[in-house]
Participant: 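Have a look at this one.
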Amino acid sequence: MTNSDPPLLNHYGALFSSHSPQLDDPKNRLVIEECQLPLIDLSGLSNHDETVHRACVAAICGASSEWGFFQVLNHGISPQLVEKMRSEQVKLFKIPFERKASCGLLNHSYRWGSPRATCPKQFSWSEAFHVPLTKVSDEACYGEFISLRAVMIEFAAAMSKLAGLLGSILTANLGHGKEVIKNLCDEGTCFLRLNHYPACPISPEILGLVCHTDSDFLTILCQDQVGGLQLMKDSKWVTVKPNRDALIVNIGDLFQAWSNGVYKSVEHKVVTNAKMERYSIAYFLCPSYDSSIGSFKEPSIYRKFTFREYRDQVQEDVRKTGYKVGLPRFLVSGRGDLLTGSME
């Protein structure tokens, strides 16, 4: 049978043999505490009881400040739609690797491993399709995967609606109009990422996705029940327990900068599993490239920058070093002591 998984072991082995014979940071192999993320029932937003509504808003904003991560229930995306999306995703990743890598599916967005990794600890044991929202409805992107298109369109629209709702709540909490996020964000820069983490025979020495923060306003994650997501909380790694009925939301770098550090963009990673593969789908809410990201009040922790400037700087850092530096490059001199969370 033709293998559908990319040649991750070969690529990792080449990195390992050309580098020092030291595996990943020993901290990655410690016993990690399991956590229950804040769980928020979004039905409270439509409740006619103003007290319930305010409590729901406060829970969203509080979790964004304290954790940078939270889970949402009654989010408007039906279990049936999630199941259809997952089924189509699995079919897509099961086709032979050579076809995924060469046939141009989903806007030629297939990627695997870590092409820019310079040492083993920068390598991600995963594959993905990274699809701009503007291409989700494009028939030419799907080839014979005709049934995937209708599901992707419906799923992307539902995730986009949810992201806009949460974004408007977070901006309103800072004293801005609810339309701010809608006016800033652009389908041309928002995207869906379909992730697959094959079972890894050398787990846990290697990560499914290396430690990072997200370079967007916020991310919404739909994951399966295998687990593997870990985040930094109180200077230690904690494992997120999967919840079948919930979606995970996390704050990105742009919201941390825009909120002047009120909301936290927190480091997270995905660990591998020796026996089980894992699937997830992430929606990334991003502004237009020329949008100016500036802190909502003074004194500002960060200087103003555009999304294009930020994206280009991150890509340049990764190209040169294999690492994302991110927000620290945009600090206003002398105010770095005000940072917490992902900037440790």
Side-chain angles (χ1 to χ4, degrees), residues 34-48 52-53 55-57 59-60 63-64 67 69-94 106 126-131 133 136-137 142 145-169 190-199 208-209 214 218-231 239-251 268 270 273 276-285:
E34 188 174 66
C35 77
Q36 182 70 48
L37 289 178
L39 186 62
I40 301 171
D41 186 344
L42 295 186
S43 65
L45 296 176
S46 57
N47 197 296
H48 296 300
V52 175
H53 177 89
C56 186
V57 169
I60 292 169
S64 298
W67 284 79
F69 272 79
F70 56 94
Q71 298 177 101
V72 292
L73 296 171
N74 293 312
H75 40 68
I77 302 174
S78 72
Q80 293 78 17
L81 177 56
V82 170
E83 184 56 37
K84 284 195 293 183
M85 187 66 230
R86 176 76 69 239
S87 176
E88 294 291 341
Q89 179 184 13
V90 170
K91 285 193 292 185
L92 180 65
F93 279 110
K94 290 300 182 185
L106 297 178
S126 55
E127 59 178 338
F129 286 92
H130 195 82
V131 190
L133 287 197
V136 166
S137 61
Y142 292 89
F145 290 90
I146 300 171
S147 59
L148 173 61
R149 179 174 177 266
V151 180
M152 281 272 283
I153 291 173
E154 185 180 0
F155 190 83
M159 294 286 261
S160 183
K161 181 179 179 181
L162 176 58
L165 172 64
L166 295 172
S168 68
I169 288 170
C190 297
F191 55 91
L192 277 179
R193 183 180 173 103
L194 312 183
N195 299 305
H196 175 226
Y197 302 89
L209 191 61
D214 289 348
L218 60 83
T219 305
I220 303 174
L221 181 71
C222 177
Q223 63 170 350
D224 61 19
Q225 297 305 296
V226 174
L229 176 63
Q230 295 183 350
L231 61 94
T239 294
V240 176
K241 183 179 181 180
N243 184 323
R244 185 178 300 277
D245 301 316
L247 299 177
I248 293 175
V249 181
N250 69 274
I251 299 298
H268 52 285
V270 176
N273 189 300
M276 301 179 70
E277 59 185 344
R278 176 180 185 264
Y279 291 93
S280 70
I281 309 166
Y283 176 94
F284 297 87
L285 181 67

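Keep in mind that this is a model prediction, so the values were computed, not measured.
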Participant: Could you walk me through whether Leu106 and Phe145 pass the side chain to side chain contact (heavy atoms under 4.5 Å, CB included) test, one step at a time?
Facilitator: CA-CA 10 Å; Leu106 297 178; Phe145 290 90; over 6 Å; no
Participant: At their closest point, which heavy atom of Asn273 faces which heavy atom of Met276, and how far apart are they?
Facilitator: OD1-N, 2.9 Å
Participant: Do Cys56 and Ile40 have side chains that get closer than 4.5 Å, going by heavy atoms?
Facilitator: yes
Participant: From Leu42 CG over to Gln71 CD, what is the distance, rounded to the nearest 0.5 angstrom?
Facilitator: 11.5 Å
Participant: Check whether Ser64 reaches the backbone of Ile60 with its side chain - one donor and one acceptor, N or O, closer than 3.5 Å.
Facilitator: yes
Participant: For Phe69, which of Thr219, Leu229, Val240, Ile251 qualifies under side chain to side chain contact (heavy atoms under 4.5 Å, CB included)?
Facilitator: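 Going through the options one by one, the only one that passes is Leu229.
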Participant: Which value, rounded to the nearest 0.5 Å, describes the distance between Ile153 atom CD1 and Leu133 atom CG?
Facilitator: 11.5 Å
Participant: Between His75 and Ile220, is any pair of side-chain heavy atoms under 4.5 Å apart?
Facilitator: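 Heavy-atom side-chain distance check fails, nothing below 4.5 Å.
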Participant: Any donor and acceptor pair, going by atom type alone, linking the side chain of His53 with main-chain N or O of Leu45 inside 3.5 Å?
Facilitator: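 Side chain of His53 to backbone of Leu45: a pair is present.
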Participant: Nearest 0.5 angstrom please: Leu192 CG to Phe155 CZ, how far?
Facilitator: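 The CZ atom of Phe155 is 6.5 Å from CG of Leu192, to the nearest 0.5 Å.
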Participant: Would you check if the side chain of Gln89 reaches a backbone N or O of Ser280 as a donor-acceptor pair within less than 3.5 Å?
Facilitator: yes
Participant: Using every non-hydrogen atom in the two residues, find where Pro198 and Glu277 come nearest and quote the distance to one decimal.
Facilitator: CA-CB, 4.1 Å
Participant: Walk me through whether Glu88 and Lys91 qualify under salt bridge (Lys or Arg N to Asp or Glu O under 4.0 Å).
Facilitator: CA-CA 5 Å; Glu88 294 291 341; Lys91 285 193 292 185; 3.4 Å; yes
Participant: Go through the structure and list residues passing ring-ring contact (aromatic ring centres under 6.0 Å, His included) with Phe284, not counting sequence neighbours.
Facilitator: Phe191
Participant: Could you check whether any side-chain heavy atom of Val82 comes within less than 4.5 Å of a side-chain heavy atom of Cys222, counting everything from C-beta outward?
Facilitator: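 Touching, per the 4.5 Å side-chain cut-off.
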Participant: Donor-acceptor pairs are to be reported for all side-chain atoms of residues 159-168 against protein atoms at under 3.5 Å, with residues two or more places apart or in another chain.
Facilitator:
{"residue": "Ser160", "atom": "OG", "partner": "Tyr283", "partner atom": "OH", "Å": "3.2"}
{"residue": "Ser168", "atom": "OG", "partner": "Gly164", "partner atom": "O", "Å": "3.3"}
{"residue": "Ser168", "atom": "OG", "partner": "Leu165", "partner atom": "O", "Å": "2.7"}

Participant: List for me each residue that meets side chain to side chain contact (heavy atoms under 4.5 Å, CB included) alongside Ala128, sequence neighbours excluded, and say none if there are none.
Facilitator: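 Result, side chain to side chain contact (heavy atoms under 4.5 Å, CB included) vs Ala128: Arg111, Arg193, Asn195.
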Participant: State, yes or no, whether a side-chain contact exists between Leu92 and His196 at a heavy-atom distance under 4.5 Å.
Facilitator: no
Participant: Which of parallel (below 30°), tilted (30 to 60°) and perpendicular (above 60°) describes Phe129 and Phe93?
Facilitator: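 Because their plane-to-plane angle lies in the 30° to 60° range, the rings of Phe129 and Phe93 count as tilted.
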Participant: Taking side chain as C-beta onward, heavy atoms only, is Tyr197 less than 4.5 Å from Leu209?
Facilitator: yes
Participant: Between atom CG of Asn250 and atom CG of Leu218, what is the distance when rounded to the nearest 0.5 Å?
Facilitator: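 CG of Leu218 is found 8.0 Å from CG of Asn250.
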Participant: Do you know the tightest heavy-atom contact between Ile248 and Gln223?
Facilitator: CD1-NE2, 3.3 Å
Participant: Between Tyr142 and Ser147 (side chain of the first, backbone of the second, donor and acceptor by atom type, cut-off under 3.5 Å), is there such a pair?
Facilitator: no
Participant: Which atom names give the shortest non-hydrogen contact between Leu148 and Met85, and what distance separates them?
Facilitator: CD1-CE, 4.0 Å
